[in-house]
Amino acid sequence: LNDRPGKQIRYGFYKFQNNRFTQYLIDTSYSDLNKNNILDMVEIDSSHYVIAADRGVYLFNGKIFNRLDRKNLDGQTETVSFYDGYLFVGFGKGLYCYKYDNGWKLASSTLENASVNRVLLKNGEVWVATDKGLYYFNHFDPEKNNHPAIVYEKNAEVMDVSADINNDVWFTGNQI
């Protein structure tokens with residue numbers, strides 16, 4: 001990648017600094033393939049990110065990528081969120097919660113039969129957009145296997161969920 005206007009940005013993770021883009025690749029042997037396709041990211045602190053990618057979840061320290069939980073998070077990961085010290089990871093086999101304790105450790109999992117597209121965390125509530133509807137958890141405990149209080153739009157694919165400045169919840173979906 002160079003600084004020329006109009007140059008197409010390819011796969012990877014980019015940092016814009018001093019009017020330049022610097023590209024970081026998960027797998028440097030594949031510069032244009034989906035091994036470097038990043039679907040979501042969340043900043044953990046000023047120098048660490050968690051990256052959701054086609055081939056799993058990675059921790060990025062500003063220089064290198066390290067795989068997070070290869071055993072449980074193998075495959076395309078759609079979304080990552082960080083809230084109240086917990087990392088929430090949504091992918092094709094449910095929602096996984098991790099806590100940092102001398103490394104990221106699995107704290108709980110839920111919705112194992114749903115493909116998670118997006119997670120909204122607000123005021124202790126959790127909204128989860130999945131291929132099987134919009135799941136609402138009114139008292140979510142990241143240390144336990146939780147069950148939703150309500151499932152909205154059951155069996156419809158909900159692609160995204162967010163909240164506006166008034167705390168109204170919005171979502172997008174297919175065949176709703």
Side-chain angles (χ1 to χ4, degrees), residues 11 13 26 34-45 48-60 65-176:
Y11 297 104
F13 192 52
I26 295 168
N34 67 355
K35 289 187 177 191
N36 290 297
N37 191 21
I38 294 174
L39 302 167
D40 200 8
M41 60 180 247
V42 63
E43 183 181 28
I44 299 298
D45 60 37
H48 293 92
Y49 290 86
V50 176
I51 308 296
D54 274 343
R55 307 255 184 221
V57 178
Y58 297 84
L59 302 169
F60 181 69
F65 294 89
N66 289 303
R67 190 79 183 265
L68 180 108
D69 195 358
R70 187 180 302 266
K71 177 184 168 198
N72 290 309
L73 300 176
D74 188 31
Q76 182 171 318
T77 305
E78 294 293 331
T79 187
V80 288
S81 300
F82 187 68
Y83 182 78
D84 200 24
Y86 290 92
L87 177 64
F88 293 77
V89 178
F91 75 120
K93 298 176 187 173
L95 178 64
Y96 285 63
C97 299
Y98 290 83
K99 182 177 184 178
Y100 192 84
D101 182 17
N102 227 8
W104 288 101
K105 309 272 194 256
L106 182 63
S108 69
S109 64
T110 190
L111 303 178
E112 289 82 7
N113 295 319
S115 181
V116 174
N117 296 318
R118 194 69 63 208
V119 178
L120 169 63
L121 308 156
K122 64 181 199 89
N123 305 325
E125 299 176 337
V126 177
W127 296 80
V128 184
T130 77
D131 64 335
K132 294 185 174 27
L134 180 63
Y135 290 81
Y136 169 71
F137 299 83
N138 56 347
H139 299 290
F140 194 91
D141 183 345
E143 300 275 340
K144 297 181 180 174
N145 293 337
N146 294 271
H147 300 285
I150 303 170
V151 180
Y152 297 99
E153 304 301 330
K154 197 176 241 180
N155 298 319
E157 184 163 20
V158 178
M159 301 302 296
D160 202 351
V161 60
S162 65
D164 64 19
I165 196 165
N166 299 318
N167 263 339
D168 294 327
V169 174
W170 295 80
F171 69 92
T172 64
N174 295 326
Q175 300 176 346
I176 294 177

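Below, all heavy atoms of this structure are taken into account, side chains as well, without hydrogens, waters or symmetry copies.
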Pick out which of Asp40, Val57, Thr77, Leu68 makes a side-chain contact (heavy atoms from CB on, under 4.5 Å) with Val50. Val57

Residue that, paired with Val161, satisfies side-chain contact (heavy atoms from CB on, under 4.5 Å) out of Trp170, Phe171, Tyr136, Tyr135: Phe171

State whether the side chain of Ser108 and the backbone N or O of Pro142 hold a donor-acceptor pair below 3.5 Å, judged by distance alone. yes

Would Glu143 and Lys99 pass as an ion pair if we require N to O under 4.0 Å? yes

Any idea how Trp127 and Tyr152 line up, ring-wise: parallel (<30°), tilted (30 to 60°), or perpendicular (>60°)? parallel

Between Asp131 and Glu157, is there a donor-acceptor pair closer than 3.5 Å when you use the side chain of the first and the backbone of the second? no

Are the side chain of Asn166 and the backbone of Asp168 linked by a donor-acceptor contact shorter than 3.5 Å? no

Heavy-atom side-chain contact between Phe140 and Thr110 under 4.5 Å: yes

Would Lys93 and Asp74 pass as an ion pair if we require N to O under 4.0 Å? no

Which word best sums up how the rings of Tyr98 and Tyr96 line up, parallel for under 30°, tilted for 30 to 60°, or perpendicular for over 60°? parallel

State, with a plain yes or no, whether a side-chain heavy atom of Val158 is found less than 4.5 Å away from one of Thr172. no

Name the orientation class of the two ring planes belonging to Phe60 and Phe13 (parallel below 30°, tilted from 30 to 60°, perpendicular beyond 60°). perpendicular

Contact summary for His139 and Asn146, nearest pair of heavy atoms: O-OD1, 3.8 Å

Okay, side chain of Tyr83, backbone of Asn123: is any donor-acceptor separation there less than 3.5 Å? yes

